[in-house]
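Here is the structure we will look at.
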Amino acid sequence: MKNDKITSQRRKVVVVGAGSVGATYCYALAQSGLADEIFLIDRNEELARGQILDLVHGLPFFPTVNIEAGTEDDYADAQLVVITAGSAQRPGETRLQLLHKNAEIVGGIAENISHQGCQGVMLIVTNPVDVLTYVALKRSGWERNRIIGSGTVLDSARLRYLIGNHCGVDVHNVHAYVLGEHGDSEFAAWSMTNVAGIKIIDYCPICNKCSNWKAERSKIEQQVREAAYQIINAKGSTHFAVGMSLLKITASILRKQNSVLSVSVMLNGEFGLKDVCLSVPCVVSDGGIEKIISSPLDPEETVLLKRSAVVIKKAIDSLS
Ligand SMILES: NC(=O)c1ccc[n+]([C@@H]2O[C@H](COP(=O)([O-])OP(=O)(O)OC[C@H]3O[C@@H](n4cnc5c(N)ncnc54)[C@H](O)[C@@H]3O)[C@@H](O)[C@H]2O)c1
């Protein structure tokens with residue numbers, strides 16, 4: 001999607017949710033020089049005010065950027081609206097109850113963004129991100145390319161880090177994707193994994209760091225799946241790496257970078273799946289999803305992707 005109305009305007013990003021993830025993303029975004037204007041909104045206005053004050057005191061050290069408290073009116077001419085707003089799980093509250101609450105929050109925000117006539121891209125971060133990307137799509141009535149879930153961009157980064165660490169190579173030379181649900185049913189697409197352009201399986205004899213790569217890769221995959229639990233147990237929330245993942249998606253949108261990212265997108269027949277949002281490799285640009293890369297996966301991976309779709313669909317169905 002190309003939009004003439006916003007191309008000549010200042011690069012404006014609205015962030016909804018000033019908690020750990022929203023504030024960390026704003027901090028990274030302010031340092032990046034990607035945006036001209038950042039507007040932060042939270043239903044807890046005091047919190048938003050505090051985060052903004054803390055951020056603007058860094059302005060002498062950031063590239064020039066305007067950071068302010070936002071209102072719903074700010075959606076209208078935003079190029080990107082990032083939704084991190086949500087409720088945290090309360091003691092005694094089930095995941096399903098939390099899902100209903102967050103679906104109401106994100107659905108309501110998506111509807112507002114649509115009512116304001118925003119022509120930009122919506123990026124959903126609040127969990128469960130795949131289900132909420134679906135909810136945002138339905139409630140906004142937008143076309144599917146303009147609503148992206150942050151999906152497994154973070155999980156793919158964790159996978160790349162762990163492979164790079166294991167093989168003793170720079171993480172930038174590792175290409176790898178986690179696909180499916182951003183959650184327990186996600187999986188590493190080993191068929192797409194390479195080190196310096198060499199398929200991981202062919203890189204093994206060169207690497208020679210372990211005697212049983214299959215066992216090692218299961219351990220790595222498990223570590224990726226458990227990373228969020230581990231970090232939340234240790235410090236209460238995850239925010240640095242997710243903030244950087246959101247920045248990577250933002251750069252691809254605001255700078256039309258066409259980066260291939262494992263974002264959550266509504267499938268419409270790709271990979272044999274329909275009416276479900278989950279992460280697959282996509283080309284991301286100024287209009288959101290430029291292209292879904294639906295190249296065939298290994299048969300085993302196809303089964304895992306379908307299994308993930310079943311898990312997400314079940315959660316979507318539980319909302320009706
Ligand atoms: N997709 C990912 O990769 C990923 C990674 C980490 C966290 N997350 C998710 O991001 C979300 C935010 O995490 P966090 O640690 O920042 O949580 P947090 O509780 O610190 O912040 C959430 C904020 O949302 C605000 N909020 C709630 N309802 C609102 C509404 N209707 N309008 C405006 N603001 C509203 C709250 O006041 C709060 O400040 C969570 O759902 C978390 O699970 C996603």
Side-chain angles (χ1 to χ4, degrees), residues 14-28 39-52 54 69-72 74-75 81-90 93 95 97-113 116 122-136 139 147-159 178-184 186 224-250 261-265 277-279 312 315:
V14 179
V15 182
V16 195
S20 310
V21 174
T24 308
Y25 165 65
C26 284
Y27 181 60
F39 288 82
L40 185 56
I41 301 175
D42 199 291
R43 71 173 167 200
N44 180 345
E45 290 179 9
E46 188 62 14
L47 175 68
R49 211 175 6 256
Q51 300 284 30
I52 289 160
D54 201 6
T71 68
E72 288 174 2
D74 285 304
Y75 297 144
V81 183
V82 181
I83 305 181
T84 73
S87 202
Q89 201 160 1
R90 297 246 165 84
E93 191 173 46
R95 280 179 100 170
Q97 284 167 328
L98 182 69
L99 166 63
H100 277 259
K101 229 196 249 178
N102 281 346
E104 222 18 76
I105 292 171
V106 172
I109 295 168
E111 217 169 79
N112 272 336
I113 295 169
Q116 294 294 334
M122 225 187 277
L123 174 58
I124 314 298
V125 186
T126 311
N127 277 321
V129 69
D130 302 292
V131 181
L132 298 184
T133 303
Y134 183 94
V135 169
R139 293 279 293 270
I147 300 201
I148 300 177
S150 58
T152 54
V153 176
L154 170 61
D155 314 75
S156 298
R158 287 171 175 154
L159 178 65
V178 171
L179 303 182
E181 179 199 14
H182 170 61
D184 296 343
E186 68 186 25
V224 172
R225 234 178 254 128
E226 289 171 357
Y229 297 113
Q230 212 185 338
I231 298 167
I232 289 167
N233 281 342
K235 57 174 246 180
S237 75
T238 70
H239 46 260
F240 293 128
V242 65
M244 293 310 291
S245 306
L246 299 177
L247 192 68
K248 177 70 190 169
I249 302 170
T250 303
L261 299 168
S262 55
V263 288
S264 189
V265 60
C277 293
L278 47 66
S279 288
I312 298 162

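We count ligands from 1, going down the list as the structure has it; atoms in each ligand are counted the same way.
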If you look at every heavy atom in [X] and [Y], which pair is closest and at what distance?
X: R43; Y: S87; value: NH2-OG, 4.4 Å
X: A48; Y: A18; value: CA-CB, 4.0 Å
X: H182; Y: V129; value: CB-CG1, 3.6 Å
X: V263; Y: V153; value: CG1-CG2, 3.8 Å

In the protein, which heavy atom is nearest to [atom], and how far is it?
atom: atom 35 (C) of ligand 1; result: A85 CB, 3.4 Å
atom: atom 12 (C) of ligand 1; result: T84 O, 3.1 Å
atom: atom 2 (C) of ligand 1; result: H182 NE2, 3.4 Å
atom: atom 14 (P) of ligand 1; result: V21 CG2, 3.7 Å
atom: atom 6 (C) of ligand 1; result: T238 OG1, 3.3 Å

Check each of [options] against [atom] and report the one with the nearest heavy atom.
atom: atom 36 (C) of ligand 1; options: N44, L40, D42; value: D42
atom: atom 24 (O) of ligand 1; options: G22, P128, G19, G86; value: G86
atom: atom 29 (C) of ligand 1; options: R43, E104, H239, E72; value: R43

Exercise for review: Verify whether one side chain among S279 and S264 offers a donor that lies under 3.5 Å from an acceptor in the other.
Suggested key: no
Check [X] against ligand 1 and report side chain, backbone, both or neither, counting heavy atoms closer than 4.0 Å.
X: V242; answer: side chain
X: D155; answer: neither
X: L154; answer: side chain

Point to revise | Evaluation steps, salt bridge (charged side-chain N to carboxylate O under 4.0 Å, His left out), between R225 and E181 | key: CA-CA 11 Å; R225 234 178 254 128; E181 179 199 14; over 6 Å; no
For ligand 1, is there an N or O atom under 3.5 Å from any N or O atom of [X]?
X: G17; answer: no
X: S150; answer: yes
X: V16; answer: no
X: N127; answer: yes

Exercise for review: Look at atom CD of Q97 and say whether more than 12 heavy atoms of other residues, nucleotides or ligands are closer to it than 6.0 Å.
Suggested key: yes
Review point. Under the criterion side chain to side chain contact (heavy atoms under 4.5 Å, CB included), which of I105, T133, I113, L132 is the partner of I83?
Key: I113
Exercise for review: Only one of V131, T126, N127 passes side chain to side chain contact (heavy atoms under 4.5 Å, CB included) with N102; say which it is.
Suggested key: T126
Check your understanding: Is the closest protein non-hydrogen atom to atom 39 (O) of ligand 1 under 4.0 Å?
Key -> yes
Practice item. Give the C-alpha distance, both sets of side-chain angles, the deciding distance and a yes or no for salt bridge (charged side-chain N to carboxylate O under 4.0 Å, His left out) between K101 and E104. Key: CA-CA 5 Å; K101 229 196 249 178; E104 222 18 76; over 6 Å; no
Could you pull out all donor-acceptor pairs under 3.5 Å where a side-chain atom in residues 239-248 meets a protein atom, sequence neighbours excluded?
from	atom 1	to	atom 2	distance (Å)
H239	ND1	S237	OG	3.0
S245	OG	A241	O	2.9

Review point. Quick one: does S87 get a heavy atom under 4.0 Å from ligand 1?
Key: no
